[in-house]
Every structure is written in C-alpha cells, then in structure tokens.
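Working notes, beginning with the structure itself.
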Amino acid sequence: MGAYHAGSLAVQELMGVRDRADHVGRSLGQDIKPVAAAFLELQPLLVVGAADPGTGRVWASALTGAPGFVRATGPRQVSVVTGAGPGSDPLAAALKAPGGHIGTIALDPRTRRRMRLNGRLRPTPRGFAIEADRVFSNCPRHIQRRETYETVGDRTPGSPRRLAGLGPRATEFIRSADTFFLATIHSAGVDASHRGGNPGFVQVASPRELTWPDYPGNAMFLTLGNLRTDPRAGLLFLDWTTGTTLQLTGEAHTDITAGGDRRVRFRLTEARWAPAALPLRWSAPEYSPANPDVPG
C-alpha cells in the first residue's frame with residue numbers, strides 16, 4: 001500500500017489538498033529513528049487502538065508504566081511491558097492476539113509532542129511487541145500543555161461499569177474534556193490519533209450520540225479516510241487528575257459543508273466507565289493557542 005489508501009485519497013481530493021498531502025506523506029515511514037526511540041522511552045502513557053477479535057468492535061485503551069515500559073528494540077520494532085494488566089479491558093484479548101493490527105499514539109503533554117506507530121502485534125511474556133508498518137510524528141496543534149505528572153502509588157482502581165448510554169455524569173465528563181483519543185480502522189491496519197480543543201469542543205447530542213469539529217491539521221486525513229471506508233471507531237476520554245477513563249465504541253461519520261467545514265458524528269454502541277483506572281496525576285492544563293473558541 002502507498003502512503004494513503006482510497007478513503008484518505010478521496011477526502012484529500014474533496015478538500016483540495018492532494019498536493020499538500022503528498023508532500024506531508026513523505027514523513028511516513030517504517031523506521032523508528034533515534035530521536036523517536038528516545039522520545040518513547042520517556043513516556044509514562046501509551047494509547048493503543050485495535051478491534052476486539054471476538055466482536056469486531058474498535059476500542060482505544062490507555063496503558064501506563066514507568067518510563068521505559070515502551071521502548072524501541074530494533075529499527076522497526078517496539079516492546080511494551082503490560083504486566084498482568086486489567087483482564088476486563090475491552091482490548092485484553094486483542095493485545096494477546098498474534099499478528100493482530102494495532103495502532104498506538106504516545107503523546108507527551110509536557111513537550112506537546114506526539115508520535116504514532118502502527119503495525120502488527122506479537123505477544124511476549126511481559127506484554128507485547130509491535131512490528132512497525134508506519135511511524136510518524138504530528139505537529140503540536142491542539143495539544144494542551146501539562147508541565148508535570150506524578151504516579152499515585154496508593155490509587156485504587158474502582159470497578160469498571162458497562163454503560164448502554166451516556167448519563168449525566170458521563171455527559172459532563174465528555175463536555176469538560178479538552179482531549180480525547182480516537183481509534184479507527186482500515187483494511188490494512190489501525191490508527192490511533194488525538195483530538196484536542198477547549199472544554200466543550202465535544203458535544204453530547206443525546207445519550208447515544210456525540211459530535212465534534214474536525215479542526216484543520218496536516219492534510220493527510222488518515223482518520224477521516226478510515227471512517228470513509230469503515231465507520232467503526234473507539235474513543236477514549238480520561239481525567240488527567242483522577243485517572244478515571246471513559247471508553248466508547250460505535251460508528252462515526254463525517255459531515256462536510258460546502259465551505260469545507262467538517263464535523264464528525266459518533267453513534268454509541270457501548271461504553272465503559274473505569275474510576276481511577278490510571279495511576280497518573282497531571283498538572284493543570286495550559287490550553288493550546290491553536291484551539292478555536294467554543295461557541296457558548
């Protein structure tokens with residue numbers, strides 16, 4: 001497969017950015033460069049996306065560990081230490097499936113840098129390894145700066161709960177979010193990406209539907225291209241202070257106006273609420289200067 005599949009090419013054509021996308025696409029590769037390897041080893045958080053092999057539903061999940069739990073072990077391979085891991089996580093089976101497609105994103109709020117790596121998974125005694133198909137970095141647009149974090153050793157995770165719809169607490173959780181992660185899928189792999197904005201940029205239209213604006217970015221349209229060919233998607237919201245997570249799976253579609261504005265509509269199939277699931281506590285955010293104002 002070239003830099004882009006048919007879905008991404010179609011959106012690029014629709015938006016009139018094929019030349020720019022071709023230029024930016026030169027940054028896509030398979031090799032993990034030394035600067036990328038060094039970046040990975042500093043991260044306490046890795047977000048992964050995959051399809052549950054049993055249901056086909058796409059989910060995004062957060063993995064945490066001491067810096068070094070994610071590291072490059074070769075020019076095209078990374079190793080992730082997961083320990084025993086939460087067996088109740090929606091991706092527990094996917095992370096043990098040899099040869100399965102997986103997408104990852106490492107986002108560092110301290111430096112407003114992010115790196116994406118997609119490939120095929122191989123289980124290991126301590127977690128899993130990924131043979132990279134695609135490695136690249138994105139610009140810092142819409143990443144909120146959080147200067148520091150601490151690991152809360154005595155934080156006890158609560159019991160996860162399955163949700164069929166979004167009640168008042170989950171709705172407020174989403175409406176107050178300045179960041180979420182998005183997993184999408186295509187015939188040759190999985191992508192995990194990031195979306196950010198000022199609180200309120202994600203709207204809850206009903207207990208089973210969300211919408212958010214697709215802000216201008218790198219013109220590759222990897223995520224929207226995936227959704228054009230396969231609407232399955234997984235969303236991950238997290239509380240950067242308490243470690244609570246909200247995972248959603250469903251289908252997403254993109255509305256594009258005549259003027260080129262884009263808005264994504266997500267229809268919920270299932271949600272999972274996990275109190276205090278992550279041991280990290282981050283400092284208060286400094287919102288990205290690239291974030292548009294959110295209408296009142």
Side-chain angles (χ1 to χ4, degrees), residues 7 45-63 82 85-97 100-105 107 116 118 121 128 157-167 169-175 177 179-187 189-196 201-212 214 222-239 243-255 263-275 277-278:
L45 171 69
L46 182 72
V47 173
V48 300
D52 179 349
T55 65
R57 293 175 179 175
V58 174
W59 295 89
S61 295
L63 304 176
T82 61
S88 61
D89 189 275
L91 288 184
L95 298 183
K96 297 177 182 178
H101 291 293
I102 185 171
T104 74
I105 179 169
L107 183 148
R116 291 160 66 175
N118 310 333
L121 181 145
F128 60 89
S159 298
R161 291 193 298 113
R162 180 184 178 278
L163 307 176
L166 301 173
R169 184 162 65 164
T171 295
E172 181 56 32
F173 192 82
I174 291 169
R175 286 175 174 165
T179 301
F180 73 93
F181 298 91
L182 175 60
T184 56
I185 195 166
H186 56 92
S187 61
V190 181
D191 283 302
S193 61
H194 148 274
R195 294 293 184 268
F201 83 106
V202 184
Q203 294 292 310
V204 180
S206 77
R208 300 185 69 86
E209 186 173 343
L210 311 181
T211 70
W212 64 87
D214 188 68
L222 300 179
T223 296
L224 296 195
N226 291 346
L227 294 177
R228 189 177 179 95
T229 60
D230 190 327
R232 288 178 293 168
L235 279 60
L236 169 67
F237 293 86
L238 59 88
D239 187 316
T244 294
T245 63
L246 177 63
Q247 295 164 276
L248 313 177
T249 187
E251 294 189 352
H253 302 270
T254 308
D255 297 325
R263 194 163 191 89
V264 181
R265 293 177 292 108
F266 175 84
R267 184 72 177 170
L268 176 69
T269 300
E270 181 185 348
R272 182 180 182 275
W273 174 274
L278 307 181

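Residues take their numbers from the sequence shown, with the count starting at 1.
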What closest approach, in Å, do [X] and [Y] show between heavy atoms, and which atom pair accounts for it?
{"X": "Ala183", "Y": "Trp59", "value": "CB-O, 3.6 Å"}
{"X": "Gln247", "Y": "Ala60", "value": "NE2-O, 3.1 Å"}
{"X": "Phe173", "Y": "Leu238", "value": "CZ-C, 3.9 Å"}
{"X": "Phe128", "Y": "Val48", "value": "CZ-CG1, 4.4 Å"}

Between [atom1] of [X] and [atom2] of [Y], what distance do you get to the nearest 0.5 Å?
{"X": "Asn226", "Y": "Asp191", "atom1": "CG", "atom2": "CG", "value": "5.0 Å"}
{"X": "Leu46", "Y": "Leu63", "atom1": "CG", "atom2": "CG", "value": "5.5 Å"}
{"X": "Leu163", "Y": "Leu246", "atom1": "CG", "atom2": "CG", "value": "7.0 Å"}
{"X": "Lys96", "Y": "Leu91", "atom1": "NZ", "atom2": "CG", "value": "12.0 Å"}
{"X": "Leu236", "Y": "Phe180", "atom1": "CG", "atom2": "CZ", "value": "10.0 Å"}
{"X": "Asp52", "Y": "Arg57", "atom1": "CG", "atom2": "CZ", "value": "8.5 Å"}

Run the side chain to side chain contact (heavy atoms under 4.5 Å, CB included) check on Thr254 and Arg228 step by step: do they pass? CA-CA 8 Å; Thr254 308; Arg228 189 177 179 95; over 6 Å; no

Exam field: side chain [X] to backbone [Y], donor-acceptor pair closer than 3.5 Å:
{"X": "Thr249", "Y": "Val58", "result": "yes"}
{"X": "Arg116", "Y": "Ala192", "result": "yes"}
{"X": "Arg208", "Y": "Leu268", "result": "yes"}
{"X": "Arg272", "Y": "Pro160", "result": "no"}

Could you walk me through whether Leu210 and Leu166 pass the side chain to side chain contact (heavy atoms under 4.5 Å, CB included) check? CA-CA 10 Å; Leu210 311 181; Leu166 301 173; 3.5 Å; yes

Please determine which of Gln203, Arg265, Arg263 meets the side-chain hydrogen bond (donor to acceptor under 3.5 Å, both in side chains) test together with Thr211.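 Going through Gln203, Arg265, Arg263 one by one, the side-chain hydrogen bond (donor to acceptor under 3.5 Å, both in side chains) with Thr211 is satisfied by Arg263 alone.
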
Side chain to side chain contact (heavy atoms under 4.5 Å, CB included) for Arg267 and Ser206? Distances and angles first, verdict last. CA-CA 9 Å; Arg267 184 72 177 170; Ser206 77; 4.0 Å; yes

For the residue pair Thr269 / Glu251, report whether a side-chain donor-acceptor contact shorter than 3.5 Å exists.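 The answer is no; no qualifying pair exists.
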
Take Thr184 and Leu224 through the test side chain to side chain contact (heavy atoms under 4.5 Å, CB included) and record every step on the way to the result. CA-CA 9 Å; Thr184 56; Leu224 296 195; over 6 Å; no

I'd like to check the side-chain contact (heavy atoms from CB on, under 4.5 Å) partners of Pro207; sequence neighbours left out, ordered by chain and number.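 Here no residue qualifies.
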
